[in-house]
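Atoms within each ligand, like the ligands themselves, are counted from 1 in listed order. Quantities reported herein were computed from a predicted structural model and do not represent experimental measurements.
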Amino acid sequence: MRVTQYQTVWQLTFYPALFPVNCYLVEEENEVTLIDAALPGSYKGIIQAVNQLGKPLQRILLTHAHGDHVGSLDALTQAFPHAKVMISERDSFLLQGDTSLRHDEPQTPIKGGIPKHVQTKPHQLLRGGETIGSLLAISTPGHTPGSMSFLDTRNGTVIAGDAFQLRGGIAVSGQIKWSFPFPAFATWNKEEAIKSAQLLADKAPSCLAVGHGHFLRSPAERMKQAIQKAKKG
Ligand SMILES: [Zn+2]
């Protein structure tokens, strides 16, 4: 596991060389929030990183319900029974293995690794606009119908799940980067993803943090270029 820090946000990376998967610890004054639960074996490293910060893990937020973002969820809720689990109302269905579409959303198939045996039931369902500690929840559908991003309002870091990828170069979700095509293959709807990417760019983040790839500081110009490229096809 590789650990990188940007201000209040710690990026924990599993398999950094081969297939990098990130989750994040957001440090508050008296507590810690985990964003995403990485792969099934990642819980040991996550527990170790929480213990090193020396503050209680208060919450587990999920950007979306793909297997590489919820893999250690059950192990972590056992290790931290007081942590409150939150996911979008929409992706809470994916978390239960239900990939059916709603009649009012684009009828493109939900893709990617949807877990089938998650036991954990979320404590709170998000719709976007909620304040959770220092974080603001932002609804950013596209990669999945219920994808959520979180903005640390203290320093403008946005933790965007797979709304963008940074491994193999920046790309909006759904835009294939042949050097690392997996997030695009797992994307539900590219048009929705482009709208969400624009919404995130409009927040003018100081740093972009995603599920796959390193932190990107001062990301404005590169986010704009990625959105233009995605619009062209
Ligand atoms: Zn992912």
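- The number of protein N/O/S atoms found under 2.8 Å from the Zn ion (ligand 1) is 4.
- Closest non-hydrogen pair, Pro20 versus Phe180, comes out as CD-CE1, 4.0 Å.
- Residues His64 and Ser147 approach most closely at CB-OG, 3.7 Å, considering heavy atoms.
- Annotation: the span from Leu135 atom CG to Thr33 atom OG1 amounts to 5.5 Å, rounded to 0.5 Å.
- A salt bridge links Arg154 with Asp152: the closest approach of a Lys/Arg side-chain nitrogen to an acidic carboxylate oxygen falls below 4.0 angstrom.
- A pairwise comparison of heavy atoms in Ala184 and Gln165 identifies N-OE1, 4.3 Å as the closest pair.
- With no hydrogens or angles considered, no side-chain donor-acceptor pair links Gln78 and Asp74 at under 3.5 Å.
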